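Below: one structure, written as structure tokens.
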Amino acid sequence: MRGTTSWTAWGGALAALALLTGCSDGEPSLSESSPVQWKACDTLFGAENMTSLRDALGTDGLRFTNTALSANDLRDRLTEEVVGWTPTAKYHSLKEYAPCSLSGSTRFSTTVEWAKDTLTAVRSSSSPWRHSGGDVYVDDLSGAGTLQTDVIFPCRVSGAVSAQQERIPLEIRVEVGAGKVPPALHERMVVDLARSLSDELKCANEPDIPDDLKLDR
């Protein structure tokens, strides 16, 4: 009887551990099955934000939908592109990257790229982009079914031509199904992604990225 009781307690402990780590029936946890994506998301958004996001999306069926791309590889690819860019280069040679995308009770996705719009075009009166303070311009396309925010800011990369900062600023997008993720968390993740990329790319102009993007205005 004593041995049976110990085995039962041990089994209960394992079940509790499985719930905490997001695995059951021998299935690996999300961090184990997709370690590169897990670490990239934590690096770019912060571990606390990612915990809040996963809680909001729900653990049932939660999975990464983007190809594995580490934060270091993202930095290196973006740097290589911009250092090799010239004002006469065709813009379609600049790629769009998806460093962190999840699917659960709703979809969460992010993209990063060197913008097709120049800062001159972004600042024009006919542009959909809105100055949101500091060096940031925002195009918020959130609606009833989704929270979607695009952000552009200048990032001067060492080794690139002088025209690069104005001609090809950095553009990011963060999108998630509305109703699952609070707007405040969505905005915080947009800000933290922009700041993380500024740090990773060592933007020489040290772009000013404000806490409040005024998305509710």
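Scope of the values below: all heavy atoms of this structure, side chains included, with no hydrogens, waters or symmetry mates. We're numbering straight along the sequence, starting at 1. Note that the structure is a prediction, hence the values are computed from the model and not measured.
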**Request:** Quick one: do H186 and V174 satisfy side chain to side chain contact (heavy atoms under 4.5 Å, CB included)? Show the steps, please.
**Result:** CA-CA 8 Å; H186 168 75; V174 178; 4.0 Å; yes

**Complete:** For residues 138-186, the disulfide bond (SG atoms under 2.5 Å apart) pairs (sequence neighbours left out) are C155-C203

**Complete:** For L141, the hydrophobic cluster (side chain heavy atoms closer than 4.5 Å, chained through members) also holds none

**Asked** N49: what forms a side-chain hydrogen bond (donor to acceptor under 3.5 Å, both in side chains) with it, not counting sequence neighbours?
**Response** R188, D192

**Prompt:** Short question: side chain of W38, backbone of E32 - any donor-acceptor pair under 3.5 Å?
**Reply:** no

**CG-CG distance between D135 and D208, expressed to the nearest 0.5 angstrom** = 5.5 Å

**Request:** For Q37 and N66, indicate whether the former's side chain and the latter's backbone hold a donor-acceptor pair under 3.5 Å.
**Result:** yes

**Prompt:** If we only count heavy atoms from C-beta on, is the V181 to F108 side-chain gap below 4.5 Å?
**Reply:** no

**Request:** Please name all residues satisfying ring pair (Phe, Tyr, Trp, His ring centres under 6.0 Å) with F153, sequence neighbours left out, ordered by chain then number.
**Result:** none

**Item:** Side-chain donor or acceptor of S124 paired with backbone N/O of A121 under 3.5 Å
**Value:** yes

**Asked** Does anything in residues 172-184 pair up under salt bridge (Lys or Arg N to Asp or Glu O under 4.0 Å), and if so which pairs, sequence neighbours excluded?
**Response** R107-E175, D150-R173

**Item:** Residues that, via side-chain heavy atoms closer than 4.5 angstrom, fall in one hydrophobic cluster with W129
**Value:** L119, V122, Y137, I152

**Request:** Kindly indicate whether the side chain of S158, heavy atoms from C-beta on, has any atom under 4.5 Å from the side chain of K202.
**Result:** no

**Item:** Donor-acceptor contact below 3.5 Å, side chain S101 vs main chain S109
**Value:** no

**Request:** Can you sort out the partners of D199 under side chain to side chain contact (heavy atoms under 4.5 Å, CB included), two or more places apart, ordered by chain and number?
**Result:** none

**Complete:** In this structure, OG1 of T110 is separated from CD1 of I172 (nearest 0.5 Å) by 9.0 Å

**Request:** Any chance you could lay out the side chain to side chain contact (heavy atoms under 4.5 Å, CB included) test for S142 and T149, step after step, and finish with the verdict?
**Result:** CA-CA 7 Å; S142 299; T149 304; 4.3 Å; yes

**Asked** Counting N and O atoms only, with roles assigned by atom type, does the side chain of S127 sit under 3.5 Å from a partner on the main chain of R123, one being a donor and the other an acceptor?
**Response** no

**Item:** side-chain hydrogen bond (donor to acceptor under 3.5 Å, both in side chains) involving S103 - partner list, sequence neighbours excluded
**Value:** none

N/O donor to acceptor pairs below 3.5 angstrom from side-chain atoms of residues 68-75, sequence neighbours left out:
from : atom 1 : to  : atom 2 : distance (Å)
S70  : OG     : D73 : N      : 3.0
S70  : OG     : D73 : OD2    : 3.3
N72  : OD1    : R75 : NH1    : 3.2

**Under 3.5 Å donor-acceptor, E96 side chain and T111 backbone** = no

**Asked** Hey, does the side chain of S33 reach the backbone of S29 with a donor-acceptor pair shorter than 3.5 angstrom?
**Response** yes

**Message:** Quick check: closest heavy atoms across L201 and L78, and the distance to 0.1 Å?
**Reply:** CD2-CB, 3.9 Å

**Asked** Taking side chain as C-beta onward, heavy atoms only, is L30 less than 4.5 Å from L102?
**Response** yes

**Asked** Linking I/L/V/M/F/W/Y whenever their side-chain heavy atoms sit closer than 4.5 Å, directly or via other members, would L44 and V36 fall into one cluster?
**Response** no

**Request:** State, with a plain yes or no, whether a side-chain heavy atom of L57 is found less than 4.5 Å away from one of V176.
**Result:** yes

**Message:** Tell me the closest heavy-atom pair linking L62 and G104, and the distance in Å.
**Reply:** CD1-CA, 3.9 Å

**Separation between CG of D139 and CG of D117, rounded to the nearest 0.5 Å** = 9.5 Å

**Fill in**
One should read off an interatomic distance between K116 NZ and E171 CD, to the nearest 0.5 angstrom, of 7.5 Å

**Item:** Of all pairs that satisfy disulfide bond (SG atoms under 2.5 Å apart), the ones with a partner from residues 159-202, not counting sequence neighbours
**Value:** none

**Request:** Measure the shortest side-chain to side-chain distance between W85 and V157 over non-hydrogen atoms and say whether it is less than 4.5 angstrom.
**Result:** no

**Request:** Mark yes when over 12 heavy atoms from residues, nucleotides or ligands other than E166 sit less than 6.0 Å from its CD; otherwise mark no.
**Result:** yes

**Item:** Heavy-atom closest contact (W114 atom, E81 atom, distance)
**Value:** CD1-OE1, 3.4 Å

**Request:** Before giving the answer on side chain to side chain contact (heavy atoms under 4.5 Å, CB included), spell out for E200 and T79 the whole-Å C-alpha distance, their side-chain angles and the decisive distance to 0.1 Å.
**Result:** CA-CA 10 Å; E200 290 286 332; T79 300; over 6 Å; no

**Message:** Would the distance check show the side chain of Q164 and the main-chain N or O of V82 forming a donor-acceptor pair, the cut-off being under 3.5 Å?
**Reply:** no

**Request:** Determine which pairs satisfy disulfide bond (SG atoms under 2.5 Å apart) with at least one residue from residues 97-143, sequence neighbours left out, and list them in order.
**Result:** C41-C100

**Message:** Quick check: closest heavy atoms across S198 and I209, and the distance to 0.1 Å?
**Reply:** CB-CD1, 4.4 Å

**Asked** Among all residues two or more places apart in sequence or in another chain, which pass the side-chain hydrogen bond (donor to acceptor under 3.5 Å, both in side chains) test with D76?
**Response** none

**Asked** From L185 CG over to M50 CE, what is the distance, rounded to the nearest 0.5 angstrom?
**Response** 9.5 Å

**Message:** Counting C-beta onward and ignoring hydrogens, is there a side-chain heavy-atom pair between D212 and E187 closer than 4.5 Å?
**Reply:** yes

**Spacing of N205 atom CG and Q165 atom CD [to the nearest 0.5 Å]** = 4.0 Å

